[in-house]
Amino acid sequence: MIVKQTPWEKRNLGVETSVEFYIDPSDTWNEISSELQKHQEIYQVMHIASGNTDVLMKATTYGFLPIEMNIQLCKKLDDIELPRIYKRFEPFISYSIADEKENDFILQAISEGSIFSTDKVALDPYFGCEYAGKRYAYWTKDVLDQGAVLLCMKYKNQIVAFDVFIEKSENVAEAFLGGTIPEFSNSGLGFLAIYCITQFAKERGFKKLITGVSSNNVPILKLHEMFNYTVESMSYCLIKHL
């Protein structure tokens with residue numbers, strides 16, 4: 001079990017104190033419950049490795065409520081093919097590292113709260129989409145300040161989608177956070193974020209790209225499957241408010 005204090009959530013979500021617990025498959029409830037008794041943080045999040053159902057069930061009796069599963073996906077970059085259904089869009093697709101103006105445009109779009117509506121913050125009645133947007137905008141800015149790259153995807157020279165690219169190791173990169181600009185959410189162009197960042201990672205010599213998807217967002221999970229992403233791991237996510 002790993003316990004991580006998350007003081008940045010005071011800025012992101014307005015909670016005075018918060019903590020996250022990461023539970024491994026081998027962790028037992030006896031070990032966990034004794035640790036939980038030490039914590040009175042206002043906002044608590046628990047991540048339980050998939051399969052540890054004993055801890056999952058006991059955590060609910062301790063006031064933790066399941067809100068999503070975090071699904072970690074990976075893509076080997078030796079084979080990238082645009083599915084046939086999207087081939088007609090290919091001549092009009094372009095992507096590049098966002099310039100200052102594009103960076104500001106995307107951060108503003110994220111902060112407005114309509115892009116991410118299926119994660120644990122957006123669906124939490126204590127917070128909602130407005131808080132989720134604010135949190136993701138802060139989070140994105142933080143990782144960009146630490147050296148991540150904001151990739152801007154366009155269709156016919158209009159910004160349609162974006163993704164945040166992080167170099168994890170010599171051979172592994174992460175698609176940290178991606179989405180579609182709200183005005184294009186029903187355009188059928190949501191695949192751009194997945195396709196373009198995969199191409200971007202391969203061009204830079206990476207062998208593997210990893211990313212995460214919420215179980216509440218089935219359409220984006222299906223899109224990743226179309227691009228031959230595979231499931232690497234899963235974890236239950238539970239929340240508790242004091």
Side-chain angles (χ1 to χ4, degrees), residues 1-9 12 19-27 45-52 68-82 93-99 102-103 106-107 110 116 119-120 135-153 161-180 190-215 217 220-221 223-237:
M1 177 181 184
I2 296 173
V3 180
K4 181 186 294 185
Q5 294 291 328
T6 54
W8 49 84
E9 299 295 23
N12 297 350
V19 66
E20 294 196 5
F21 307 102
Y22 293 85
I23 313 301
D24 288 333
S26 59
D27 290 331
V45 179
M46 183 179 291
H47 304 273
I48 305 173
S50 176
N52 196 339
E68 67 179 351
M69 286 196 73
N70 295 317
I71 305 172
Q72 297 300 308
L73 305 173
C74 68
K75 163 73 175 171
K76 292 183 178 179
L77 299 176
D78 53 356
D79 177 29
I80 302 173
E81 180 67 27
L82 189 63
I93 295 172
S94 61
Y95 57 92
S96 61
I97 296 173
D99 62 26
E102 292 166 339
N103 184 93
I106 291 169
L107 286 174
I110 294 172
F116 302 104
D119 78 307
K120 67 178 185 292
R135 180 175 183 264
Y136 276 121
Y138 276 129
W139 201 7
T140 299
K141 189 175 185 305
D142 287 344
V143 297
L144 293 177
D145 289 343
Q146 295 163 12
V149 172
L150 181 59
L151 197 63
C152 179
M153 294 83 166
F162 64 90
D163 214 319
V164 179
F165 180 89
I166 297 177
E167 182 177 340
K168 303 295 287 186
S169 67
E170 182 179 352
N171 293 316
V172 180
E174 179 182 5
F176 175 76
L177 180 72
T180 304
F191 73 92
L192 281 184
I194 300 171
Y195 175 61
C196 293
I197 200 165
T198 306
Q199 292 278 20
F200 183 78
K202 184 175 182 179
E203 287 171 3
R204 276 148 184 78
F206 291 94
K207 305 299 183 185
K208 179 180 175 182
L209 187 64
I210 60 174
T211 193
V213 176
S214 169
S215 59
N217 195 346
I220 198 66
L221 180 59
L223 268 180
H224 280 87
E225 289 178 336
M226 289 183 68
F227 285 90
N228 296 318
Y229 278 74
T230 58
V231 175
E232 198 164 60
S233 65
M234 294 188 292
S235 61
Y236 312 104
C237 180

Taking all heavy atoms of D163 and all of F176, pick out the closest pair and write down the distance.
OD1-N, 3.9 Å
So how far is it from I166 CD1 to Q146 CD, rounded to the nearest 0.5 Å?
8.0 Å
I want to check something: taking the side chain as every heavy atom from C-beta on, are M153 and L151 in contact at a cut-off of under 4.5 Å?
yes
Of all heavy-atom pairs linking N52 and D27, the shortest is ND2-O, 3.1 Å
To the nearest 0.5 Å, what is the distance between CD1 (I97) and CZ (F165)?
9.0 Å
Below 30° counts as parallel, above 60° as perpendicular, anything between as tilted: where do the rings of F191 and F227 land?
parallel
Distance from M234 atom CE to Q72 atom CD, nearest 0.5 Å?
11.0 Å
Minimum heavy-atom separation for L150 and L144, please, with both atom names.
N-CD2, 3.7 Å
Compare every heavy atom of S214 with every heavy atom of E68, then report the nearest pair and how far apart it is.
OE1-OG, 2.6 Å
Q199 CD to L209 CG distance, which is reported to the nearest 0.5 Å
11.5 Å
Measure across C196 and Y95 and return the closest heavy-atom pair with its distance rounded to 0.1 Å.
SG-CD2, 3.6 Å
Got a second to check how far N70's CG is from S50's OG, nearest 0.5 Å?
11.0 Å
Less than 4.5 Å apart, side chain to side chain, heavy atoms only: is that true for E167 and F206?
yes
Could you check whether atom NZ of K141 has more than 12 heavy atoms from other residues, nucleotides or ligands sitting under 6.0 Å from it?
no
Should L177 and Y136 count as side-chain neighbours, where that means a heavy-atom distance under 4.5 Å?
yes
Taking everything shown except M226 itself, do over 12 heavy atoms lie less than 6.0 Å from its CE?
yes
Identify the residue among V213, I210, I71, T198 that makes a side-chain contact (heavy atoms from CB on, under 4.5 Å) with Y229.
T198
Does a donor on one side chain sit under 3.5 Å from an acceptor on the other, for S235 and Y22?
no
Salt bridge (charged side-chain N to carboxylate O under 4.0 Å, His left out) test vs E9 passes for just one of K120, R135, K4, namely R135
Return the CG to NE2 distance between N217 and H224, rounded to the nearest 0.5 Å.
9.5 Å
Do L221 and L73 touch side chain to side chain, with heavy atoms closer than 4.5 Å?
yes
For the residue pair T6 and V19, what are the closest heavy atoms and their distance?
OG1-N, 3.6 Å
Using 4.0 Å as the upper bound for N to carboxylate O, is an ion pair formed by E170 and K207?
no
